[in-house]
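Single-structure report; data block below.
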2 protein chains.
Amino acid sequence: MVKPTRVTNSIRALRFASGEMTQADLADRVGVTRQTLIAIEQGRYSPSLETAFRIARVFGVPLDDVFQYPDPAEEKP
Amino acid sequence: MVKPTRVTNSIRALRFASGEMTQADLADRVGVTRQTLIAIEQGRYSPSLETAFRIARVFGVPLDDVFQYPDPAEEKP
DNA sequence: ACTCGATGTACAAAATCTTTGACATAGCCA
DNA sequence: TGGCTATGTCAAAGATTTTGTACATCGAGT
């Protein structure tokens with residue numbers, strides 16, 4: 001990955017909030033591989049919009065509850 | 001494209017609602033090329049989550065106001 | 001008639017995302 | 001100890017998105 005993603009997410013929290021769902025379970029229900037889910041959950045890259053929608057749907061929440069995009073103005077380390 | 005996207009969007013409507021913004025203008029403000037914007041607006045493929053976020057941000061609306069993902073249950077032609 | 005701006009198309013190349021398969025670690029429990 | 005589950009990592013191949021370049025059409029002006 002040349003350019004790390006700026007998108008963060010609440011997947012881990014949602015997973016635990018949804019009754020101890022494992023990464024493998026979630027990956028299965030979303031329709032992606034476990035590796036893909038891990039990479040997304042860790043923010044190593046941002047998923048496609050379609051994958052993002054499917055993740056949100058599994059949790060039954062809107063997209064903005066799962067993924068956050070920081071204000072470009074304030075990403076100074 | 002092997003698999004056409006199921007994601008639809010309201011970009012054209014939002015563009016006109018935002019004072020006659022042209023595709024070139026929007027592409028510029030989003031930070032993608034005109035071709036990319038046209039392809040997305042026409043639903044030829046779904047953008048990356050990051051691109052989607054930037055589009056929504058230009059219009060000042062949440063992601064779900066720009067993109068819609070149909071219920072997988074009912075996409076029978 | 002001519003030009004200009006806005007939209008659309010086509011194609012290949014580059015960049016990014018996803019899969020596949022294999023292996024590693026840590027915790028738990030019989 | 002040995003086996004099992006959950007999590008994480010790596011590398012290479014495959015699929016999808018994005019770019020770059022070029023060209024076409026349409027409608028509004030002048």
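In what follows, chains carry the letters A, B, and so on, assigned in the order in which the sequence lines appear, proteins first and then strands, with residues in each chain numbered from 1. The structure presented is a predicted model; accordingly, all values stated were derived computationally and were not measured.
Candidate nucleotides dT18(C), dG8(C), dT19(D) were compared by shortest atom distance to the side chain of V32(B), and dT19(D) ranks first.
Atom CD in Q42(A) sits roughly 13 Å away from atom C1' in dC10(D) (whole-Å rounding). Computed from coordinates, the E50(B) CD to dT17(D) C1' distance equals 13 Å when rounded to whole Å. Here dG5(C) presents its P atom at 17 Å from CZ of R15(B), a figure rounded to the nearest Å. In this entry the distance linking CZ of R44(A) with C1' of dC10(D) reads 9 Å, nearest Å. Here the P atom of nucleotide dT18(D) and the CG atom of L49(A) are 10 Å apart, to the nearest Å. Remark: P of dT7(C) and CD1 of I40(B) are 15 Å apart, rounded to the nearest angstrom. Protein atom CD of Q23(A) is 15 Å distant from nucleotide atom P of dT19(C), rounded to whole Å. Atom CD of E20(A) is separated from atom P of dG27(C) by 17 Å (rounded to the nearest Å).
Shortest non-hydrogen contact noted between A52(A) and L49(B) is CB-CD1, 4.0 Å. Looking at every heavy atom in both residues, L26(B) comes nearest to F59(B) through CD2-CZ, 3.7 Å. Minimum heavy-atom separation, T36(B) to Y45(B): CA-OH, 4.0 Å.
Each of F16(B) and P47(A) was matched to the nucleotide of DNA chain C holding its nearest heavy atom; the match closer to the 5' end belongs to F16(B). Each of R34(B) and L37(B) lies near DNA chain D, and the nucleotide nearest L37(B) is the one positioned closer to the 5' end.
Put simply, S48(B) has no side-chain N or O that comes within less than 4.0 Å of OP1 or OP2 on dC17(C). Contact between the side-chain N/O atoms of S46(A) and the OP1/OP2 oxygens of dC17(C) is found at a separation under 4.0 Å.
You'll find the side chain of V7(A) stays beyond 4.5 Å of the side chain of Q68(A), heavy atoms only.
Taking the charged nitrogens against the carboxylate oxygens, E41(B) and R15(B) do have a contact shorter than 4.0 Å, which makes a salt bridge.
Among the protein residues, T36(B) comes within range of the nucleic acid bases, having at least one heavy atom under 4.0 Å from a base atom.
Q35(B) contributes a side-chain N or O that forms a donor-acceptor pair with the base of dT21(D) under 3.5 Å.
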